[in-house]
Amino acid sequence: GENVEQHPSTLSVQEGDSAVIKCTYSDSASNYFPWYKQELGKRPQLIIDIRSNVGEKKDQRIAVTLNKTAKHFSLHITETQPEDSAVYFCAASRGQAGTALIFGKGTTLSVSS
Amino acid sequence: EAGVTQFPSHSVIEKGQTVTLRCDPISGHDNLYWYRRVMGKEIKFLLHFVKESKQDESGMPNNRFLAERTGGTYSTLKVQPAELEDSGVYFCASSHPDGYNYGYTFGSGTRLTVV
């Protein structure tokens, strides 16, 4: 089955800096890669996703890149703000409607002002 | 639209007791998933319902866990008897199999503590 590795497990940056979180996956048939943000005590929320027919997707300060050949994808957050502090999870699935997502272990991002 | 609702939000039980968690998905979402997060670790897949049928239960840790989805609406996850290692946050999520709309909506989770 699918296995998703995520690095780093913790990341501390200064406000205004960029943050990058990387994930690798094992199932070459995976073609859907979402990122979730979980603030303390709250539910995970989808922040951005990418499908295998696209190499990069951007939404304001966040972007995701995908390298299908190498089976890795990354989340980039620019101009970080204290409210970006949270746990970020990457995930992968085969993308058929309803296929279960397999998550990485999460990255705790701390943005200090 | 109403979101995914889970209750209780917290549960503290003694080892050996039984606990039942409930999840009400978004109306019309045929897909319902259960996940668990143990402190500091990944959001681990437990099982997936499509309507009332179990599509994939490969993540269920053992036969102390029983999930049901009566009539394809709400779902329950029962742990009997509970063990210390069952502690964690249990998340439910639902999604609508509508073309490329794969996005999950998560519930707020049930924090289970077994003492």
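The sequence lines fix the lettering, A, B, ..., with proteins before strands; numbering per chain opens at 1.
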Counting only heavy atoms not in [X], do more than 12 sit closer than 6.0 Å to its [atom1] atom?
{"X": "A/E83", "atom1": "CD", "result": "yes"}
{"X": "A/E79", "atom1": "CD", "result": "no"}
{"X": "B/K54", "atom1": "NZ", "result": "yes"}

Are [X] and [Y] joined in one hydrophobic group, where the rule is that I, L, V, M, F, W and Y side chains link up if heavy atoms are under 4.5 Å apart?
{"X": "A/L46", "Y": "B/V89", "value": "yes"}
{"X": "A/F89", "Y": "A/V20", "value": "no"}
{"X": "B/V19", "Y": "B/L84", "value": "yes"}
{"X": "A/I62", "Y": "A/V87", "value": "yes"}
{"X": "A/I48", "Y": "A/F33", "value": "yes"}

Roughly how far, to the nearest 0.5 Å, is [atom2] of [Y] from [atom1] of [X]?
{"X": "B/Y104", "Y": "A/D49", "atom1": "OH", "atom2": "CG", "value": "12.5 Å"}
{"X": "B/R37", "Y": "A/K105", "atom1": "CZ", "atom2": "NZ", "value": "11.0 Å"}
{"X": "A/S9", "Y": "B/K41", "atom1": "OG", "atom2": "NZ", "value": "13.0 Å"}

* **Heavy-atom pairs under 4.5 Å with chain B, option from A/Q45, A/Q6, A/K42, A/Q38 with the top count** =>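 Greatest number of close heavy-atom pairs with chain B: A/Q38.
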* Asked: Who wins among B/V4, B/D56, B/I43, B/L32 for the most heavy-atom pairs under 4.5 Å with chain A?
  ->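 The answer is B/I43.
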* **chain A interface, residue from B/G109, B/S108, B/G59 that has the most non-hydrogen pairs under 4.5 Å** =>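 Most heavy-atom pairs within the cutoff with chain A belong to B/S108.
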* Asked: Quick one: what part of B/R111 sits under 4.5 Å from any heavy atom of chain A, side chain, backbone, both or neither?
  ->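 For B/R111, there is no contact with chain A at all, as no heavy atom is under 4.5 Å.
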* Given that the side chain runs from C-beta out, which part of A/P44 has a heavy atom under 4.5 Å from chain B: side chain, backbone, both or neither? ->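 Contact with chain B involves both backbone and side-chain atoms of A/P44.
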* Asked: chain B heavy atoms under 4.5 Å from A/V4: which part of the residue, side chain, backbone, both or neither?
  ->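 For A/V4, neither part sits under 4.5 Å from chain B.
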* To do: Taking the six-membered ring for Trp and the single ring otherwise, decide whether the centroids of B/F45 and A/F103 are under 6.0 Å apart.
  =>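 No, the ring of B/F45 stays outside the 6.0 Å limit from the ring of A/F103, centre to centre.
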* Asked: Any side-chain heavy atom of B/Y33 within less than 4.5 Å of one from A/L101?
  ->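 With C-beta onward as the side chain, the pair stays apart.
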